[in-house]
There are 2 protein chains.
Amino acid sequence: MAISFTEENYLKVIHRLSEATSEDISTNAVAELMQTKAASVTDMLRKLADKGWVNYQKYQGVRLSAEGEKIALSIVRKHRLWEVFLVDKMGFNWDEVHEIAEQLEHIESDQLVNKLDEYLGFPKTDPHGDPIPSKDGILPELAYSHLSDIKATKTCKLMGVAQDSAVFLQLLTKLNLNLGAKLAIKEINEFDRSIFVSINDAAPIFISHDVAKNILVKILA
Amino acid sequence: MAISFTEENYLKVIHRLSEATSEDISTNAVAELMQTKAASVTDMLRKLADKGWVNYQKYQGVRLSAEGEKIALSIVRKHRLWEVFLVDKMGFNWDEVHEIAEQLEHIESDQLVNKLDEYLGFPKTDPHGDPIPSKDGILPELAYSHLSDIKATKTCKLMGVAQDSAVFLQLLTKLNLNLGAKLAIKEINEFDRSIFVSINDAAPIFISHDVAKNILVKILA
DNA sequence: AATAATTTTTAGATTAACCTAAAAATTTAA
DNA sequence: TTAAATTTTTAGGTTAATCTAAAAATTATT
């Protein structure tokens, strides 16, 4: 069945919200991410339900159907593969690719996506450490921890970020916090939950709790 | 000023029609290429004129303004660069890329286009032999001849095609008529204007006038 | 449990891009 | 040069996606 860019974006947003919870997704939550009004969302949810892509009962929230999930994953796959292309082949920085990938994710051609995947060497993750769904719609669970949840004196490795905004990524770059960076937590301040941390064995610096919340790590020791 | 995909497609179509003539372009001609009705075209032409991208007087036809020309050329540039990408990097055949490039040409990012250009080695033409407009909107005139206009016993080289349809390009491929192929015209039949021609020194075969009309060649001898 | 606050939906409009049918202008041809 | 044919425009509607304002349902609070 034909699908519009807008419908694709709604499915993508519902998918993203569903990753964080097992509850049904509220109209308002969708409205916020779609940068639109709740009334518009209600209209669209009824339409998506008619098409069989979501399960929706009014006032009860929404969740993706199996088919909706499949569509959402194919968009995520395209988005992340294009991000790899933009960074690895076009030479963009990781903070520059999100907006462009938002456009490229709507290009319709299974053949192209799979050739691109091959051309890029079947990458497992995008430039922000997010896993790339496979051709048949399987998205590997990564299960990394948020830096803000790690106890003091632990050492860990930066595996991904929980936010793609340019300002956030630029800050990380400035702090030398790239994918793969080694983080040795020296101390956590009770007052503001800021973290005193050594990056790649350099002299320790302070990182705010807000930043730490959005950094995903694997614990090394 | 913001521009929609539809508006971009109208400008592209008007540009294409303008290449073939110095006259103003008729509403019907635009309607045919846009696969829509004349009434819809009238609406859109008024809108494009309001935005300053075309000069349009009702009943007098339309032509691109300087600014409209600039936009159209940037779309053509993107379309052709993406076609090169699809053939050279993704391994598509020349008859498979038009539809995908129709989508990719609307991706908005000057930075991406210029990086892509560089990545592809600043190609001069697309996989069909069409010239690629430069960053500053200069489209080199190629001035090749139509095979149908060449006299018998001349030899020439296939430099491009005047049509991108998959069926046409697949036929050429089947006949071994690729970019750069050598064509030795043995005879032209008065009856149906079909051409008896040797391709790359192989045994001569017949080519219909309809096919010959859409083949662009450079005369060698 | 009743009321207040919040969330969600409905009702009624708006805009972009399209449509059909009819009217008006232009072009062609007798 | 007038009538016929064609082209183009206007008038009035449709659909997708949005909006605001008001009504209805749900959730939270006393």
Side-chain angles (χ1 to χ4, degrees), chain A residues 1-14 17-18 20-64 68 71-72 75 102-103 105-106 108, chain B residues 1-14 17-18 20-64 68 71-72 75 102-103 105-106 108:
Chain A
M1 193 182 321
I3 186 167
S4 69
F5 283 18
T6 306
E7 290 167 338
E8 290 193 344
N9 285 332
Y10 270 94
L11 293 179
K12 194 181 56 165
V13 155
I14 297 166
L17 291 166
S18 300
T21 174
S22 57
E23 317 253 298
D24 288 6
I25 306 307
S26 76
T27 302
N28 263 354
V30 174
E32 190 181 358
L33 271 197
M34 283 299 298
Q35 312 213 72
T36 185
K37 296 301 157 77
S40 312
V41 173
T42 299
D43 284 352
M44 181 56 85
L45 294 185
R46 252 188 333 106
K47 190 162 110 182
L48 295 176
D50 286 348
K51 295 197 173 192
W53 297 330
V54 301
N55 296 114
Y56 166 66
Q57 300 281 106
K58 61 162 128 161
Y59 293 107
Q60 303 316 138
V62 67
R63 63 175 59 205
L64 293 174
I71 297 169
I75 301 163
E102 288 281 316
Q103 300 178 59
E105 72 190 2
H106 300 296
E108 208 181 304
Chain B
M1 195 184 318
I3 186 167
S4 69
F5 283 19
T6 307
E7 290 167 338
E8 289 193 345
N9 284 332
Y10 270 93
L11 293 179
K12 193 180 57 163
V13 155
I14 296 166
L17 290 165
S18 300
T21 174
S22 57
E23 317 255 296
D24 288 7
I25 305 307
S26 75
T27 302
N28 263 353
V30 174
E32 190 180 358
L33 272 198
M34 283 299 298
Q35 312 213 74
T36 187
K37 297 301 156 79
S40 311
V41 174
T42 299
D43 284 353
M44 182 56 85
L45 294 185
R46 256 193 321 112
K47 191 162 107 181
L48 295 176
D50 285 349
K51 295 198 174 191
W53 297 329
V54 302
N55 297 113
Y56 166 66
Q57 299 281 107
K58 62 160 125 163
Y59 293 107
Q60 303 316 141
V62 68
R63 64 174 59 205
L64 293 174
I71 297 169
I75 301 163
E102 288 282 316
Q103 300 177 61
E105 72 191 2
H106 300 295
E108 206 181 305

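Throughout, protein chains are lettered first and strands after them, A, B, ... in sequence-line order, and every chain is numbered starting at 1.
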Taking only the side-chain nitrogens and oxygens of B/Ser4, find out if one of them lies under 4.0 Å from OP1 or OP2 of C/dA16.
no
Please tabulate the protein-to-nucleotide N/O contacts below 3.5 Å involving nucleotides 9-11 of chain C, giving atom names and distances.
residue: C/dT9; atom: OP1; partner: A/Tyr56; partner atom: OH; Å: 2.3
residue: C/dT9; atom: OP1; partner: A/Tyr59; partner atom: N; Å: 2.8
residue: C/dT9; atom: OP2; partner: A/Thr27; partner atom: OG1; Å: 2.9
residue: C/dT9; atom: OP2; partner: A/Thr42; partner atom: OG1; Å: 2.7
residue: C/dT9; atom: OP2; partner: A/Tyr56; partner atom: OH; Å: 3.3
residue: C/dT9; atom: O4'; partner: A/Tyr59; partner atom: OH; Å: 3.4
residue: C/dT10; atom: OP1; partner: A/Lys58; partner atom: NZ; Å: 2.6

B/Met44 CE to C/dT15 P, in whole Å, measures 16 Å
Nearest heavy-atom contact between B/Ala38 and B/Ala31 is N-CB, 3.8 Å
Q.
So, OP1 or OP2 of C/dT8: does either fall under 4.0 Å of a side-chain N or O from A/Asn28?
A. yes
Practice item. Name the nucleic acid region contacted by A/Tyr10, choosing base, sugar-phosphate or nothing; use a 4.0 angstrom heavy-atom cut-off, strictly under. Key: sugar-phosphate
Please check if the side chain of B/Arg63 supplies one atom and the backbone of B/Ser22 the other of a donor-acceptor pair under 3.5 Å.
yes
Does A/Val62 form a side-chain contact (heavy atoms from CB on, under 4.5 Å) with A/Val41? I'd like the steps, not just the answer.
CA-CA 11 Å; A/Val62 67; A/Val41 173; over 6 Å; no
note: A/Leu48, atom CG; D/dA16, atom P; distance rounded to Å ~ 13 Å
Of all heavy-atom pairs linking B/Glu108 and A/Gln103, the shortest is N-OE1, 2.7 Å
Here the distance between atom P of C/dA16 and atom CE of B/Met1, to the nearest Å, is 13 Å
From CG of A/Asp24 across to P of C/dT8 the rounded distance in Å is 11 Å
Whole-Å distance, B/Glu32 CD to D/dT8 P, equals 12 Å
A side-chain contact here means heavy atoms from C-beta on lying under 4.5 Å apart; do A/Gln60 and A/Asn55 qualify? no
Determine whether a donor-acceptor pair (N or O, by modelled atom type, separation under 3.5 Å) exists between the side chain of A/Lys51 and the backbone of A/Ala2. yes
A/Glu7 atom CD is separated from D/dT18 atom P, nearest whole Å, by 10 Å
From CD of A/Glu23 across to P of D/dT26 the rounded distance in Å is 17 Å
